[in-house]
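Data first, discussion second: the structure below is written as structure tokens.
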Amino acid sequence: EPKPYLEACLRETGRLYSNTLLIRMTQKSTNIGGFEIPAGTLVACSPLATQRADASDSSGGIFNDSRRWLPERFLPEGAYSEWFNKGEFIQFGMGPHQCPGEKLAKTMVFEVILRAWMENYDIDVVSGLEEGAKGVDGVGAEPAWTEENFWTPSVRGGDVMVKCRRRA
């Protein structure tokens, strides 16, 4: 059964916290942003950087309000509802390089793990959210690419702690 908000939440989380690095080899000489890239050159792109660059500034980003967790942007009526027109999640790669296990992983996440949590538990955040903290919506995790490198996020705040209560 379709779960549009749950899927939007997973897409938005993957957009903000992707651990993917896209590496391709140029097949022919090409020009990117005024730089000539010879054929046979390895080119890397970090979705962590590209997905968090804001469209409203000079960084040339894709998303508006890119540092906020807004799953609504991926709902059917959202601004990016057609962004993943084949149903891919960026963390599984895209096109001919797409992970062959994506469908199994999505089934496990949607139908087994999250359904069991959502149907059987109440989950409350008890600590770790800091108003005005660096990071996404006060969580304290921040993209390290802004300061250190082009790969992994670095934690700048306390761990987010949750309390789970099994429903009666």
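Everything numeric here is computed off the predicted structure, so don't read it as measured data. For the numbers below, each heavy atom of this structure counts, side chains included, while hydrogens, waters and symmetry mates do not. The chain is numbered in sequence order, starting from 1.
A donor-acceptor distance shorter than 3.5 angstrom exists from the side chain of T26 to the backbone of G40, with no hydrogens or angles considered. At least one donor-acceptor pair closer than 3.5 Å links the side chain of R15 to the backbone N or O of S66. A donor-acceptor contact shorter than 3.5 Å is absent between the side chain of T41 and the backbone of I37. Remark: side-chain polar atoms of N31 are paired, donor with acceptor, to backbone N or O of G34 under 3.5 angstrom. In terms of modelled atom types and a separation under 3.5 Å, the side chain of R73 and the main chain of N64 share a donor-acceptor contact.
For R167, the salt bridge (charged side-chain N to carboxylate O under 4.0 Å, His left out) partners are D122, not counting sequence neighbours. Applying the side-chain hydrogen bond (donor to acceptor under 3.5 Å, both in side chains) criterion to S56, with sequence neighbours excluded, gives D54. Scored by the salt bridge (charged side-chain N to carboxylate O under 4.0 Å, His left out) test, E119 finds R115 as partners (sequence neighbours excluded).
For the atom pair L70 CG and E12 CD, the distance stands at 6.0 Å (nearest 0.5 Å). Atom-to-atom distance recorded for K163:NZ and I123:CD1 is 12.5 Å, nearest 0.5 angstrom. The SG atom of C9 sits 8.0 Å away from the CG atom of L75 when rounded to the nearest 0.5 Å. Of the inter-residue distances, the one linking T13 atom OG1 with F74 atom CZ reads 10.0 Å to the nearest 0.5 angstrom. How far CZ of F63 is from CZ of R68: 15.0 Å, rounded to the nearest 0.5 Å.
M25 and V43 fall into different hydrophobic clusters, where Ile, Leu, Val, Met, Phe, Trp and Tyr side chains are chained together by heavy-atom contacts under 4.5 Å.
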Inset, instruction - Test side-chain contact (heavy atoms from CB on, under 4.5 Å) on T30 and E36 and set out the steps. - result: CA-CA 6 Å; T30 189; E36 190 65 29; 5.8 Å; no
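By the 4.5 Å heavy-atom criterion applied to side chains, L42 and I23 are counted as neighbours.
Shortest non-hydrogen contact noted between M118 and L6 is SD-CD1, 4.3 Å. For the pair A8 and P71, the tightest heavy-atom approach, listed with the atom from each and the gap, is CB-O, 3.2 Å.
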